[in-house]
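Here the structure comes first, spelled out in structure tokens, and everything after it is commentary.
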Amino acid sequence: MSDTLPISLPTASEEDLVRRLKARDESALTLFYDRYASALFGVISRIVKDDDTAEDVLQEALVKIWNAFPAYDAEKGRLFTWVLNICRNLAIDKIRSRQHRVGTRTQGLDDSLAAQRMPAADSFRPEHIGLQEVVQTLVPEQRQIIDLLYFGGYTQSEVAEELKLPLGTVKTRARTAIKLLGKLIR
């Protein structure tokens, strides 16, 4: 008899599951999935707020858990707590990622059939708003930061990284530029 016989879901202890996963028993991964995937998906989907994205994060988390499992130490905490932290951190990383932020900003309009079918009013022309023209009056250092922050969707930290400037410099230039723009628009 093999010591890797399938363990039925109700009778499998966490210790048995951990032992089998540490032994790289792939059938234990199926048991792990059956036992924990639903709860993990629920936590992830509450963070990312999109089922498709939550499924992607869960799949990524399962691969990460499988690869990192030799580092799991049962004495430091329960299996579920350990995997929950991995899933939560990956979900948070996902919503903080620039790709996710940009995608969610434009997703609402793409999904709206009414918005797709309704033509814009003939009198509305975005260039008449004039904001980009007003921004052009700023000094180049300020204009570059405002372009990245407001037209590029960057965070101040991302701007600092992109321009290789201290974060405080980015914040000061942005604040000064916004004050100037406020005066010009009034």
Side-chain angles (χ1 to χ4, degrees), residues 1-112 145-171 174:
M1 234 183 201
S2 170
D3 60 319
T4 59
L5 287 173
I7 298 175
S8 66
L9 190 59
T11 61
S13 70
E14 187 171 294
E15 295 82 25
D16 291 337
L17 183 58
V18 168
R19 179 186 51 75
R20 290 178 60 199
L21 287 169
K22 281 197 179 257
R24 311 307 283 166
D25 179 356
E26 291 182 15
S27 65
L29 190 57
T30 302
L31 178 62
F32 171 86
Y33 182 86
D34 291 343
R35 184 177 285 180
Y36 297 117
S38 173
L40 297 173
F41 179 80
V43 170
I44 293 168
S45 65
R46 272 180 266 165
I47 295 170
V48 300
K49 300 190 182 352
D50 174 63
D51 285 349
D52 290 337
T53 304
E55 287 174 11
D56 291 344
V57 171
L58 179 60
Q59 182 176 358
E60 184 181 339
L62 291 171
V63 169
K64 186 170 187 169
I65 290 163
W66 177 253
N67 290 332
F69 206 83
Y72 169 67
D73 184 358
E75 292 180 14
K76 291 183 179 179
R78 292 190 50 217
L79 175 62
F80 182 74
T81 305
W82 183 71
V83 298
L84 181 65
N85 283 328
I86 291 172
C87 291
R88 185 179 60 80
N89 291 341
L90 284 173
I92 290 169
D93 289 348
K94 178 57 111 179
I95 62 171
R96 285 181 178 167
S97 75
R98 188 168 156 178
Q99 177 186 4
H100 179 76
R101 285 195 323 269
V102 170
T104 56
R105 270 191 218 134
T106 58
Q107 187 174 10
L109 185 58
D110 291 341
D111 292 341
S112 169
I145 289 173
I146 294 299
D147 282 343
L148 290 172
L149 286 172
Y150 295 97
F151 303 118
Y154 285 62
T155 66
Q156 289 180 335
S157 298
E158 291 169 339
V159 170
E161 187 177 310
E162 178 79 19
L163 300 178
K164 295 179 182 24
L165 293 171
L167 181 58
T169 302
V170 170
K171 289 181 176 185

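Count residues from 1 along the sequence. Since this is a predicted model, take the numbers as computed values, not measurements.
Between Asn89 atom CG and Lys64 atom NZ the span is 7.5 Å, to the nearest 0.5 Å. Atom OG1 of residue Thr155 and atom CG of residue Leu167 lie 8.5 Å apart, to the nearest 0.5 angstrom. Separation of atoms CG (Asp16) and CG (Asp25) is listed at 11.0 Å; rounding is to 0.5 Å. Taking CG of Leu29 as the reference point, atom CG of Asp34 lies at 10.0 Å (rounded to 0.5 Å).
At least one side-chain heavy atom of Arg88 sits under 4.5 Å from a side-chain heavy atom of Asn85. Looking at heavy atoms from C-beta onward, Pro70 lies in side-chain contact with Arg24 at the 4.5 angstrom threshold. Side chains of Cys87 and Val57 form no contact here, defined as non-hydrogen atoms less than 4.5 Å apart.
The two residues Tyr72 and Leu79 have their closest heavy-atom pair at OH-N, 2.9 Å. In this structure, Gln156 and Ala174 approach most closely via the heavy-atom pair NE2-CB, 4.2 Å.
No donor-acceptor pair closer than 3.5 Å links the side chain of Glu14 to the backbone N or O of Arg78.
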Please assess Asp73 against Trp82 for the test side-chain contact (heavy atoms from CB on, under 4.5 Å), listing each intermediate value before the final yes or no. CA-CA 9 Å; Asp73 184 358; Trp82 183 71; over 6 Å; no

With side-chain contact (heavy atoms from CB on, under 4.5 Å) as the test, would you mind laying out the steps for Leu148 and Leu163 before giving the verdict? CA-CA 10 Å; Leu148 290 172; Leu163 300 178; 4.0 Å; yes

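Summarising the local packing, OH of Tyr33 is surrounded by 12 or fewer heavy atoms from other residues, nucleotides or ligands at distances under 6.0 Å. Annotation: Glu55, atom CD; neighbour count of heavy atoms from other residues, nucleotides and ligands within 6.0 Å is above 12.
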Pairs under 3.5 angstrom only: tabulate donor-acceptor contacts from the side chains of residues 36-49 to other protein residues two or more places apart or in another chain.
| residue | atom | partner | partner atom | Å |
| --- | --- | --- | --- | --- |
| Ser45 | OG | Phe41 | O | 3.1 |
| Ser45 | OG | Gly42 | O | 3.1 |
| Arg46 | NE | Gly42 | O | 3.2 |
| Lys49 | NZ | Arg46 | O | 3.0 |

